[in-house]
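Here's the structure, in structure tokens; my notes come after.
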Amino acid sequence: QVHLVESGGGLVQAGGSLRLSCAASRLTFSNYTIGWFPQAPGKEREFVAGINWSGLSTYSADAVKGRFTVSRDNVKNTVYLQMNSLKPEDTAVYYCAAAYGRRTDVLGVSYDTWGSGTQVTVSS
């Protein structure tokens with residue numbers, strides 16, 4: 001059974017930075033596409049960043065483009081989300097999710113394995 005664990009969340013002032021990690025176990029990590037999904041209170045989860053199995057294809061939503069960067073280390077079985085220039089509206093629980101398959105892109109992916117999330121709070 002696949003297992004994902006997010007870490008790195010916390011409280012930060014607007015303009016600050018955080019780096020989230022998504023550590024995977026019980027799977028061949030390099031066979032999976034990984035996505036990041038923040039969920040703000042009262043809102044649905046949204047897809048903001050993704051990375052394919054090799055790390056050569058990534059995606060960032062318009063709302064975070066230029067501020068968030070997704071990367072991966074397949075030796076450490078970990079995907080990272082570097083978040084810079086954080087805004088109060090970035091406040092959410094951030095979930096990572098995995099989808100099996102060595103895809104060339106990261107859009108239109110159906111994710112079926114989820115972590116339990118890490119809280120990010122950005123104060124103004």
Side-chain angles (χ1 to χ4, degrees):
Q1 184 176 356
V2 175
H3 188 55
L4 301 175
V5 178
E6 302 92 337
S7 62
L11 173 63
V12 64
Q13 288 187 332
S17 298
L18 285 173
R19 189 177 79 157
L20 305 185
S21 298
C22 173
S25 61
R26 307 175 193 172
L27 52 75
T28 304
F29 187 65
S30 60
N31 287 339
Y32 286 79
T33 298
I34 303 295
W36 285 98
F37 298 77
Q39 184 169 20
K43 296 185 178 181
E44 294 186 355
R45 293 182 190 181
E46 59 176 341
F47 176 56
V48 296
I51 188 165
N52 79 330
W53 68 277
S54 66
L56 295 179
S57 180
T58 63
Y59 169 83
S60 296
D62 288 344
V64 304
K65 195 165 293 183
R67 300 190 299 122
F68 291 9
T69 302
V70 60
S71 62
R72 69 190 296 158
D73 185 334
N74 284 344
V75 173
K76 295 182 178 180
N77 281 11
T78 302
V79 167
Y80 305 98
L81 185 66
Q82 178 67 45
M83 306 188 297
N84 300 326
S85 303
L86 282 161
K87 305 175 181 180
E89 51 264 42
D90 295 320
T91 294
V93 177
Y94 282 70
Y95 298 89
C96 67
Y100 181 80
R102 290 193 165 195
R103 298 172 176 82
T104 57
D105 60 42
V106 297
L107 294 178
V109 176
S110 178
Y111 294 88
D112 55 11
T113 300
W114 295 82
S116 58
T118 185
Q119 176 70 48
V120 171
T121 303
V122 184
S123 63
S124 58

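The first residue in the sequence is number 1, and the count goes up from there.
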For [X] and [Y], indicate whether the former's side chain and the latter's backbone hold a donor-acceptor pair under 3.5 Å.
X: Asn74; Y: Trp53; value: yes
X: Thr78; Y: Asp73; value: no
X: Thr91; Y: Val122; value: yes
X: Gln39; Y: Ala92; value: no
X: Glu6; Y: Cys96; value: yes

Quick one: pull up [atom1] in [X] and [atom2] in [Y] and give me the separation to the nearest 0.5 Å.
X: Ile51; Y: Ser60; atom1: CD1; atom2: OG; value: 9.5 Å
X: Cys22; Y: Tyr94; atom1: SG; atom2: OH; value: 14.5 Å
X: Arg103; Y: Asn31; atom1: CZ; atom2: CG; value: 11.0 Å
X: Asp90; Y: Ser85; atom1: CG; atom2: OG; value: 9.5 Å
X: Ser124; Y: Glu89; atom1: OG; atom2: CD; value: 10.0 Å
X: Asn77; Y: Thr28; atom1: CG; atom2: OG1; value: 8.5 Å

Does a sphere of radius 6.0 Å around OH in Tyr100 hold more than 12 heavy atoms from other residues, nucleotides or ligands, not counting ones at 6.0 Å or beyond? no
Taking only residues two or more places apart in sequence or in another chain, which ones pass side-chain contact (heavy atoms from CB on, under 4.5 Å) with Ser7? Ser21
Do [X] and [Y] share a hydrophobic cluster (ILVMFWY, side-chain heavy atoms under 4.5 Å, transitive)?
X: Leu18; Y: Val48; result: yes
X: Val109; Y: Val64; result: no
X: Tyr32; Y: Val106; result: no

Minimum heavy-atom distance [X]-[Y], with the two atoms named:
X: Asp105; Y: Ser57; value: CA-OG, 3.6 Å
X: Trp36; Y: Pro38; value: O-CD, 3.9 Å
X: Ser17; Y: Asn84; value: OG-OD1, 2.9 Å

With heavy-atom distances below 4.5 Å as the criterion, would you say the side chains of [X] and [Y] are in contact?
X: Val12; Y: Met83; value: no
X: Val70; Y: Val79; value: yes
X: Phe68; Y: Leu86; value: yes
X: Leu4; Y: Tyr95; value: no

Distance only, no hydrogens: is a donor on one side chain within 3.5 Å (strictly under) of an acceptor on the other, for Asn52 and Thr33? no
Do the side-chain N and O atoms of Arg102 and Ser30 include a donor-acceptor pair separated by under 3.5 angstrom? yes
Can you see whether Tyr111 has Arg45 sitting over its ring - NZ or CZ less than 6.0 Å from the centre and within 45° of the normal? no
Output all residues satisfying salt bridge (charged side-chain N to carboxylate O under 4.0 Å, His left out) with Asp62, sequence neighbours left out; order by chain, then residue number. Lys65
May I ask you to check whether Phe37 and Trp114 place their ring centres under 6.0 Å from each other? yes
